[in-house]
Amino acid sequence: MPPKVKFSRDQIVDAAMQIVREVGMSALTARAIAERLNCSVAPVFSVFENMDELRAVVFKQAKEIYEMYIEEGLKQALPFKGAGLKYIEFAQKEPYLFRLLFMSDYHVGISNFLLLDDNNAKILNALMTSWGLDEKTARALHEDIMIYTHGIAVLCVTGSCSFSEEETSRRLTSAFTAMLKEIKISGHSD
């Protein structure tokens, strides 16, 4: 009879998530998990076929954490702005998860991520509802402001600057107002 697995799948995933949250995906190895759990690497490979399978689970959990931030933002009085603020907060509070999702080989680029993001429809709907925009205009504005928002988040993650919540809010409002004004003046979203 084979020996009992000492650690559950959840315990191994939790250890993996701790490592990634503390030092990043590049530090995620079977040996690092074994050290964290104070065991050999055998339990890791008794639960997961290989490290790629475990990395996929970690990526999925990172995305779920990110989605919780966005959902919280969408509940704010200004849902579109709330989502942007929470995107930046996610970057500030979870820098290694942000790097994993938006600054690594695991992501598919910001434009493609916007299309694949499960929250995208909710964010666009909030923008269209709050500002009376058609879908094409809302998509163009969303992409433009997301590029700006992503820039602020990257600056925070890389330590290039650190904005307070008030400063971030002011900057997003200024950028959004300018972009919305330009779209309304030009009468199109090209």
Side-chain angles (χ1 to χ4, degrees), residues 1-76 79 82-124 126 146 149-165 168:
M1 174 181 268
K4 277 187 152 182
V5 175
K6 187 176 179 181
F7 295 96
S8 71
R9 176 182 173 89
D10 288 343
Q11 289 172 309
I12 293 167
V13 171
D14 288 345
M17 283 299 295
Q18 288 172 6
I19 291 166
V20 172
R21 285 175 122 165
E22 292 169 11
V23 290
M25 186 66 107
S26 63
L28 184 61
T29 64
R31 186 166 307 283
I33 294 169
E35 286 175 14
R36 180 141 322 219
L37 294 174
N38 198 24
C39 67
S40 72
V41 298
V44 174
F45 294 113
S46 66
V47 175
F48 294 95
E49 188 174 317
N50 54 45
M51 288 302 295
D52 287 340
E53 182 183 355
L54 178 55
R55 284 185 191 96
V57 171
V58 168
F59 183 84
K60 182 179 179 211
Q61 281 200 359
K63 191 171 180 226
E64 289 169 0
I65 292 167
Y66 159 73
E67 288 173 353
M68 289 188 313
Y69 276 82
I70 297 303
E71 284 294 326
E72 189 177 322
L74 289 170
K75 292 177 186 171
Q76 293 182 11
L85 289 169
K86 287 299 180 178
Y87 181 86
I88 293 168
E89 183 182 329
F90 173 72
Q92 292 171 323
K93 291 187 176 177
E94 297 286 356
Y96 288 106
L97 297 185
F98 182 88
R99 285 177 187 262
L100 172 64
L101 293 177
F102 302 106
M103 298 173 66
S104 73
D105 293 339
Y106 288 91
H107 78 90
V108 291
I110 193 71
S111 294
N112 289 333
F113 189 83
L114 289 174
L115 294 173
L116 299 172
D117 186 351
D118 297 335
N119 296 296
N120 195 36
K122 294 175 196 170
I123 293 169
L124 282 173
M146 191 61 205
T149 304
H150 181 71
I152 292 174
V154 169
L155 289 171
C156 293
V157 165
T158 59
S160 298
C161 67
S162 178
F163 296 122
S164 68
E165 186 176 341
T168 301

As a quick check of understanding, evaluate salt bridge (charged side-chain N to carboxylate O under 4.0 Å, His left out) for Arg31 and Glu35, giving each step before the final call. CA-CA 6 Å; Arg31 186 166 307 283; Glu35 286 175 14; 5.4 Å; no
What do the steps show when you test Glu71 against Lys122 for side-chain contact (heavy atoms from CB on, under 4.5 Å), and what is the final call? CA-CA 9 Å; Glu71 284 294 326; Lys122 294 175 196 170; 2.5 Å; yes
Please walk me through it: do Ile123 and Met146 pass side-chain contact (heavy atoms from CB on, under 4.5 Å)? CA-CA 11 Å; Ile123 293 169; Met146 191 61 205; over 6 Å; no
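Across all non-hydrogen atoms, the minimal contact from Gln76 to Leu85 is OE1-CD1, 4.4 Å. Taking all atoms of both residues into account, the shortest heavy-atom contact from Cys156 to Gln92 is SG-NE2, 3.6 Å. Across every non-hydrogen atom of Leu28 and Arg55, the tightest pair is O-NH2, 3.4 Å. The two residues Tyr69 and Glu94 have their closest heavy-atom pair at OH-CG, 4.1 Å. The heavy-atom pair separating Thr149 from Gly84 by the smallest distance is CG2-O, 3.6 Å. Heavy atoms only, all atoms of each residue included: Ala27 and Ala32 are closest at O-CB, 3.6 Å.
How far OG1 of Thr168 is from CD1 of Ile88: 5.0 Å, rounded to the nearest 0.5 Å. Rounding to the nearest 0.5 Å places CD1 of Ile70 at 8.5 Å from CZ of Phe90. Note that the CG atom of Leu97 and the CE atom of Met17 stand 5.0 Å from one another [nearest 0.5 Å]. In this structure, CG on Leu101 lies 8.5 Å from NZ on Lys63, to the nearest 0.5 angstrom. Here CZ of Phe7 is found 11.5 Å from CD1 of Ile33. Values are rounded to the nearest 0.5 Å. Expressed to the nearest 0.5 Å, how far CD of Gln11 lies from CZ of Arg36 amounts to 14.0 Å.
We find that Glu72 and Lys75 are not joined by a salt bridge, their nearest charged nitrogen and carboxylate oxygen being 4.0 Å or further apart.
The number of heavy-atom neighbours closer than 6.0 Å to CD of Glu64, taken from other residues, nucleotides and ligands shown, is above 12. The environment of Glu53 atom CD is dense: over 12 non-hydrogen atoms of other residues, nucleotides or ligands sit within 6.0 angstrom. Surrounding CG of Asn38 are at most 12 heavy atoms belonging to other residues, nucleotides or ligands under 6.0 Å away.
Using a 4.5 Å heavy-atom threshold, the side chains of Val57 and Arg9 count as touching. Put simply, the side chain of Phe48 reaches to within 4.5 Å of the side chain of Val13, judged on heavy atoms.
Looking at residues two or more places apart in sequence or on another chain, you find a side-chain contact (heavy atoms from CB on, under 4.5 Å) between Ala91 and Phe98, Ala153, Val157.
The aromatic rings of Tyr87 and His150 sit tilted, their planes meeting at an angle between 30° and 60°.
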